[in-house]
Amino acid sequence: MNRQDFPSDFIWGSATASYQVEGAAFEDGKGASIWNEFEKLPGAIADNASGDVSCDQYHRYKEDVALMRDMGLKVYRFSMAWSRIFPEGGGKLNPKGMDYYKRLCDELHDNGLEPWITFYHWDLPQALQERFGGWRSRECAKYFADYVAAAAGELKGRCDHYFTFNEFLGSTDQGYFNGVCAPGLRLSRKERNQVRHNALYAHGLGLQVLRDVLPGAKVGIAENPVFFTPVIDTPEHVAAAKKAFREVNGHFITAIMEGGYPESYLAAEGADAPVVGDGDFKLIGAPMDFLGLNIYYGRLIRSAPELPEQYEIFYDDASTVWSDCNGMFQPAAVYWGSRIASELWKPEAIIISENGTSCEDRPARDGEVYDLFRVKYLRAYMESMSRAIRDGVPVKGYFHWSFLDNLEWGSGYRRRFGLYFVNYRTGERIPKLSAKWFKELIQTCKIV
Ligand code: GBH
């Protein structure tokens with residue numbers, strides 16, 4: 001009964017992103033981001049919802065930090081809205097916008113929490129989209145590095161942990177190729193590949209300037225590669241999962257961790273392969289202090305010696321149970337995802353930088369929110385994470401997505417991911433059953 005599933009110094013946290021929670025979309029001199037623009041397109045976001053108010057964390061951050069302290073969280077991962085700090089993307093820094101993040105860091109420290117800050121969680125300044133076509137241009141990466149240098153300098157002494165980028169897929173393909181995220185474009189494959197590369201280059205430049213400006217800071221990425229779970233745990237299927245993980249994610253995580261595109265990616269893209277500048281990969285592949293993985297689910301996979309790629313992915317997987325709003329259930333993804341990444345690239349530390357699920361939560365007659373699916377989900381995913389740690393995978397922290405319900409990009413406010421329920425009419429926050437479960441876990445470091 002005295003066993004612990006997690007070490008006492010495990011880093012328990014929760015995550016959000018600026019556009020999804022802040023509101024105050026144009027306050028204190030903030031410039032428009034591509035999401036403020038994209039949301040105006042009819043149907044771009046479910047119910048034509050907007051981020052103008054959202055959870056209003058910009059005004060309610062003290063209340064939210066107090067709730068985090070009550071829950072026993074050690075870390076709050078949030079992103080900065082680039083266009084709050086540089087309304088035009090570059091040029092003159094907006095002190096009022098910068099001040100918000102300083103106050104948030106101070107509030108966290110005063111309540112015993114550490115900030116872990118993401119520089120880019122998809123809300124590019126609209127000005128850079130208009131001037132350069134956003135990530136279509138390498139110029140944008142230089143502006144990113146200037147923003148990182150300036151903001152990190154301003155935060156000196158206030159924050160020691162940074163993510164350059166959150167998810168390259170959401171930053172590139174989803175906005176420039178699939179059209180489902182801002183800026184809503186559907187470019188060619190060749191242009192897509194260049195956009196991808198420019199974002200990796202921005203990460204590399206950002207990492208370099210962070211090393212210069214804050215030599216003591218710990219830096220990583222928060223990436224959601226496609227994860228694979230071997231269909232059964234025999235050596236050939238485990239090997240297939242590993243091979244697929246490396247190749248399917250060749251253009252993002254593998255390129256960063258290995259400092260180059262794997263042959264399989266270059267061969268598949270042929271003439272569409274991106275133009276790579278001299279020295280780009282020296283920056284892109286520079287060592288990081290931790291690898292953040294956003295793990296939600298993983299596809300089952302089998303070894304298939306009869307196929308050219310030698311594996312087969314099961315897309316139609318009846319073992320994946322869904323919540324009432326398409327929240328997928330595949331707990332083994334945490335074990336296999338972190339283990340495979342660790343075996344392939346031996347990162348110093350792995351942080352589960354996001355994990356969580358969405359349900360149609362609502363208060364019951366007694367006012368409580370009984371999010372039974374999320375409790376079941378957490379129990380199972382935490383078992384999977386503790387198994388990884390027992391097997392020696394260096395998972396050092398876990399950040400739940402999300403602390404509170406928020407604007408789920410194109411799905412609007414319908415999909416609720418929070419440990420706290422948000423009443424968007426009144427702004428009220430109500431702890432769900434899962435919040436109470438998670439608090440107990442943090443206190444005891446034990447899954448009950
Ligand atoms: C992340 O990735 C983002 O970083 C974050 O901003 C976003 O809000 C979060 O995930 C949730 O989506 O409901 O269990 O089926 C975006 C990619 C796509 C991953 C939807 C999770 C659904 C998980 N996400 N997916 S589940």
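We count ligands from 1, going down the list as the structure has it; atoms in each ligand are counted the same way.
For the 3.5 Å distance criterion, the side chains of Thr16 and Ser402 fail to qualify, holding no donor opposite an acceptor.
Considering backbone and side-chain atoms alike, His121 places an N or O below 3.5 Å from some N or O of ligand 1. Between Asn224 and ligand 1, not a single N/O pair is under 3.5 Å apart. On a distance-only criterion, Trp401 and ligand 1 share at least one N/O pair closer than 3.5 Å.
Arg429 forms no cation-pi arrangement with Tyr420, by the criterion of a distance under 6.0 Å to the ring centre and an angle within 45° of the ring axis. A cation-pi arrangement is not found for Lys30 relative to Tyr100, the charged atom failing to lie both closer than 6.0 Å to the ring centre and inside a 45° cone about the ring normal.
At least one heavy atom of Ser358 lies less than 4.0 angstrom from ligand 1.
By the criterion of a heavy-atom distance under 4.0 Å, neither the backbone nor the side chain of Phe329 is placed next to ligand 1. Contacts of Asn166 with ligand 1, taken as heavy-atom pairs under 4.0 Å, involve the side chain alone.
Atom 23 (C) of ligand 1 has its closest protein heavy atom at Tyr296 CD2, 3.8 Å.
Between Phe10 and Phe6, the ring-plane angle classifies as tilted under the 30° and 60° cut-offs.
For Lys102, the NZ atom sits in a packed shell: over 12 heavy atoms of surrounding residues, nucleotides or ligands are nearer than 6.0 Å.
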